[in-house]
Every structure is written in structure tokens, then in C-alpha cells.
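A quick write-up on the structure given underneath.
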Amino acid sequence: MAEQNTSENPSPLPYGRQCIDEDDIDAVVAALRSAWLTTGPKVPEFEQRFAEFVDADHAVAVCNGTAALHCAMYAIGIGAGGEVIIPAITFAATANCVAFQGGTPVVADVDEHTLLLDAEDVASRVTEKTKAIIAVDYAGQPCDYDALSAISQKHNLRLVADACHALGGSYRGRPVGSLADISTFSLHPVKAITTGEGGVVATSNPKFASRARTFRNHGITTDHRQREQQGSWFYEMVDLGYNYRITDFQCALGLSQLRKLPQWVRRRQAIAARYNEAFASVPEVEPLVVAPEVSHAYHLYVVQLDLSRVTADRQTIFAELRNKGIGVNVHYIPVHLHPYYQERYGTRPGQCPVAEAAYERIITLPLFPAMQDGDVDRVVTTVGEILNRHRTH
Ligand SMILES: *Cc1c(COP(=O)(O)O)cnc(C)c1O
């Protein structure tokens with residue numbers, strides 16, 4: 001029996017969730033009935049469409065976004081001793097992909113209003129050993145790519161976009177995926193489109209694309225289907241790689257999802273606009289600032305609480321929202337504060353003061369395309385009621 005929703009007990013709203021329609025299910029079923037379950041025709045078809053969508057020459061689909069980041073680090077040649085500058089506010093995988101390759105993640109601070117990489121702080125952390133910058137399009141807002149490209153060019157660094165939040169966004173009219181030397185995406189269910197688990201590397205550099213392809217297939221230069229087509233069994237392993245392949249039925253889902261991406265991004269933007277308008281009159285709630293030159297993909301709707309105006313801390317407000325069925329979250333614990341990075345790389349509290357201060361007051365509110373306006377209003381009302389109880393004056 002379906003759960004009953006009364007006004008006292010409405011169903012909980014998650015912070016994000018996938019949209020799966022009948023045509024998605026049909027596409028997966030058709031792939032399952034075909035001759036190829038993996039490394040078949042749906043993989044290159046998805047890659048082609050994805051590359052077109054993000055305006056890159058090449059897309060390489062892999063089994064998750066973390067594998068995409070690892071492929072990108074390999075593709076650009078990150079190895080032992082290479083330093084890669086990353087923002088403090090990101091998911092651990094942004095740092096981990098550097099560590100996988102024996103490199104050193106160097107954590108830079110973020111801008112206090114956008115929580116995106118602070119270009120000046122990045123410039124101050126460049127050393128002789130710096131090889132690359134990973135820009136994270138936090139929450140779905142593209143970074144300041146003009147400033148980051150200028151730093152990269154000046155010091156001969158590679159610019160990588162961890163665009164896992166920003167599929168469907170753009171910067172000065174150019175789509176996310178075409179803004180850096182190499183860009184990575186995640187197709188996890190909370191992200192803009194999903195294949196269950198999945199990831200994509202996008203680049204217009206043919207050498208990087210070819211290296212990413214080899215790396216996802218054990219370091220072997222041809223795949224099973226290519227050998228079948230050539231009537232050959234011969235292959236050579238030219239470098240140490242991984243099995244980071246994605247299946248055909250996942251790519252069939254990806255193709256079906258990609259067709260709906262533009263309408264979903266528009267819906268995400270409309271929900272964010274509704275939140276922004278409602279919170280304009282709530283001084284305790286400060287939505288992240290959006291630069292005029294971007295189209296924000298709104299993977300997340302993140303606000304900073306002005307804790308000087310309330311008697312409660314973020315944890316209290318978080319717990320009260322969860323109790324009311326509002327599936328809030330916190331993105332993210334600053335990466336340099338994780339015990340692994342403190343113990344293995346000597347990172348310390350205090351090295352990114354802006355990110356650390358922001359971390360105390362950020363909260364992610366529910367945002368996904370299937371949310372109704374009434375759901376948004378319910379979040380706004382609940383936030384308002386909780387803040388009212390804790391107001392200092
Ligand atoms: C989701 C995400 C990843 C990792 O993607 P998975 O598909 O979960 O491996 C990496 N970086 C960022 C910023 C992400 O949000």
C-alpha cells in the first residue's frame with residue numbers, strides 16, 4: 001500500500017534524485033536484448049552525443065566520475081612528485097585522483113561568495129613542481145576560467161575541470177566541457193543525468209583522449225569490439241591501466257537521459273530562482289553568489305547561514321530540517337581536513353581560512369527536476385519557521 005501523505009507527515013524530500021521515465025527503461029531493455037552488454041555500439045554512440053553536447057572533440061565514457069578524474073590525471077601525465085592545485089571545498093575524489101597517480105594535491109582557498117577556486121590564492125600556491133590545476137564547478141557554477149586559464153598559460157600548467165556538478169552549464173556562452181584542457185563528469189544518480197554509476201572524460205586534445213581510452217582498458221590499445229571487427233586476437237598492453245569500462249546498457253540509458261538534459265537544467269534553474277526570490281527577504285539565509293557571465297547548472301542549491309543572527313549552530317538547524325523531512329546535506333567537509341590528507345600529506349586546519357569558515361555555515365537544500373513548486377515552498381516555509389525559533393532579535 002502506498003504511504004499516505006498528510007500535512008503533518010509529508011514524505012521526506014531528498015537533496016537530489018534521478019528522473020527515470022518509461023523511455024529510459026525501454027532503452028535499457030533494448031540494450032539488454034542486444035548482442036552487446038559491454039563495449040558494444042552504445043558506448044561510442046553515447047560518447048559521440050556527449051561530445052557534441054559539451055562541444056568537445058572527444059568523449060571517453062567510464063564506470064564512474066572518480067575513474068574519469070583518474071583517467072584525466074593519467075592523460076595529462078601526472079606522476080610521482082607532481083603537484084596539482086585543487087579547491088578546499090570539493091568531494092574527496094578531486095584530491096584522491098592526484099594521490100592515485102603518486103602526485104601531491106595542493107589545496108587552495110575559495111572565494112567567500114561563490115565557494116569557487118580563488119584564482120589569486122591558486123597563483124600564490126604555484127611552485128616548480130606544479131603540473132596542473134583542477135577547477136571544481138562547485139554546485140554547478142562554472143569557475144572563473146579566464147583567470148584560471150591565464151595562470152595555467154603563464155606557468156605552463158594543464159587546466160582540468162572537475163565538472164561533475166556542472167553538466168549543462170556554460171561560461172561566456174561556451175559549454176562546460178569545452179572550458180579546460182580536459183573535463184570530467186559523473187553520471188551518479190544525484191548528478192544532472194545518470195547511468196546508475198558512470199563518468200565521462202571530455203577533451204579536444206586527441207592525445208589526451210587516446211591516453212584516457214587506453215587507461216580505461218588495462219593500458220591496452222585496442223578494445224574487444226575493434227579486434228572482433230578486424231578479425232584479430234592480437235593486442236598489446238603499453239602501459240599500466242585499469243578496467244574502468246562502462247556497459248552498453250548504461251550508455252543506452254545515458255543516451256536516453258541526455259535528450260532530456262536541457263529541459264532538466266531549465267527546471268533546476270527555475271527552482272533555484274524560486275528559492276532566491278523567497279530568501280531575498282530572509283537575512284539569515286545567503287544563497288551563493290552567481291557570476292553574470294555563467295549559466296549555472298544547479299546540481300546543488302547551497303546557502304550560507306548567517307549564524308550571527310541566530311542562537312543555533314548549523315548542526316542544530318540541519319537536524320531540525322531533517323526532522324521535518326527536509327533532506328538537507330552539507331557539501332563538503334574541506335578536503336584538507338580529512339584525516340587521510342592531514343596524516344599523509346601534512347595538510348592542516350588554518351591553511352584555507354575562507355573555506356573553513358564557510359564550512360561552518362553551509363547547507364544544501366533539496367533541488368532536483370521533479371520537485372514541484374509546492375515542494376520548494378515547503379522547504380522555504382520550514383527553513384523560515386526553524387530560523388524564527390532561533391532568532392536573536
Ligand atoms: C560526484 C563527484 C565526483 C565523483 O563521481 P562518482 O561518479 O561518484 O565517482 C567527483 N567530483 C565531484 C565534485 C563530484 O561531485
Side-chain angles (χ1 to χ4, degrees), residues 14-18 46 50 59-74 78 84-101 105 107-108 110 114-117 132-143 148 159-169 176-177 179-180 182-202 212 215-216 242-247 250-251 253-254 257 268 288 296-302 329-336 338 340-341 355 358-359 362 364 367-368:
Y15 82 86
R17 70 161 293 168
Q18 71 276 14
F46 175 61
F50 194 97
V60 181
V62 294
C63 56
N64 58 62
T66 305
L69 280 164
H70 193 186
C71 286
M73 290 299 102
Y74 171 79
I78 300 305
V84 178
I85 299 174
I86 64 164
I89 300 276
T90 189
F91 183 53
T94 314
N96 296 352
C97 68
V98 180
F100 293 161
Q101 285 299 99
V107 182
V110 294
T114 62
L115 306 189
L116 299 175
L117 256 184
I133 300 167
I134 306 180
V136 175
D137 298 332
Y138 178 71
Q141 171 160 221
C143 292
L148 295 173
L159 182 56
V160 180
D162 178 343
C164 288
H165 292 186
L167 178 60
V176 167
L179 303 168
I182 188 163
S183 304
T184 64
F185 297 90
S186 166
L187 308 176
H188 183 276
V190 295
K191 305 289 166 72
I193 63 168
T194 191
T195 56
E197 297 278 357
V200 182
V201 178
F215 196 67
R216 84 168 159 188
Y242 292 76
N243 178 354
Y244 279 164
R245 295 187 305 257
I246 188 169
T247 65
Q250 287 176 294
C251 287
L253 178 56
Q257 292 259 303
R268 286 177 178 278
L288 294 184
H296 195 311
Y298 281 109
H299 163 52
L300 302 175
Y301 188 80
V302 177
N329 217 315
V330 174
H331 296 93
Y332 295 94
I333 298 166
V335 75
H336 63 288
H338 286 302
Y340 177 80
Y341 284 103
Y359 168 61
I362 47 177
T364 305
L367 170 52
F368 51 95

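In this text the structure is predicted, and so the values were computed from the model without any measurement. Just so you know, ligand 1 is whichever comes first in the structure, and atom 1 is the first atom listed for that ligand. Each residue takes its place number in the sequence, starting with 1.
The CZ atom of Phe215 sits 12.0 Å away from the CG atom of Asn243 when rounded to the nearest 0.5 Å. Separating the CD1 atom in Ile89 from the CG atom in Leu117 is a distance of 11.0 Å, to the nearest 0.5 Å. Taking CG of Leu116 as the start and CG of Leu148 as the end, the distance is 9.0 Å to the nearest 0.5 Å. Atom-to-atom distance recorded for Leu69:CG and Asn64:CG is 9.0 Å, nearest 0.5 angstrom.
No hydrogens or angles considered: a donor-acceptor pair under 3.5 Å links the side chains of Asn96 and Tyr341.
Considering only non-hydrogen protein atoms, atom 10 (C) of ligand 1 sits nearest to Cys164 SG, 3.6 Å. Of all protein heavy atoms, the one lying nearest to atom 9 (O) of ligand 1 is Thr66 OG1, 2.6 Å. At the shortest separation from atom 8 (O) of ligand 1 among protein heavy atoms lies Ser186 OG, 4.1 Å.
For an aromatic pair to be called close, the ring centres must be under 6.0 Å apart, and His338 with Tyr340 fails this.
Proximity of Tyr332 to ligand 1 is established by a heavy-atom distance of less than 4.0 Å. Residue Lys191 places a heavy atom under 4.0 Å from ligand 1.
At a heavy-atom cutoff of 4.0 Å, ligand 1 is contacted by the side chain of Asp162 but not by its backbone. The side chain of His165, and not its backbone, has at least one atom closer than 4.0 Å to an atom of ligand 1 (non-hydrogen atoms only; side chain from C-beta on).
Considering backbone and side-chain N/O of Ala93, none are found under 3.5 Å from N/O of ligand 1.
Listed by atom number, the atoms of ligand 1 under 4.0 Å from Gly65 heavy atoms are 5 (O), 6 (P), 7 (O), 9 (O).
In this structure, Tyr15 and His299 have perpendicular ring planes: the angle between them is above 60°, well past the 30° mark.
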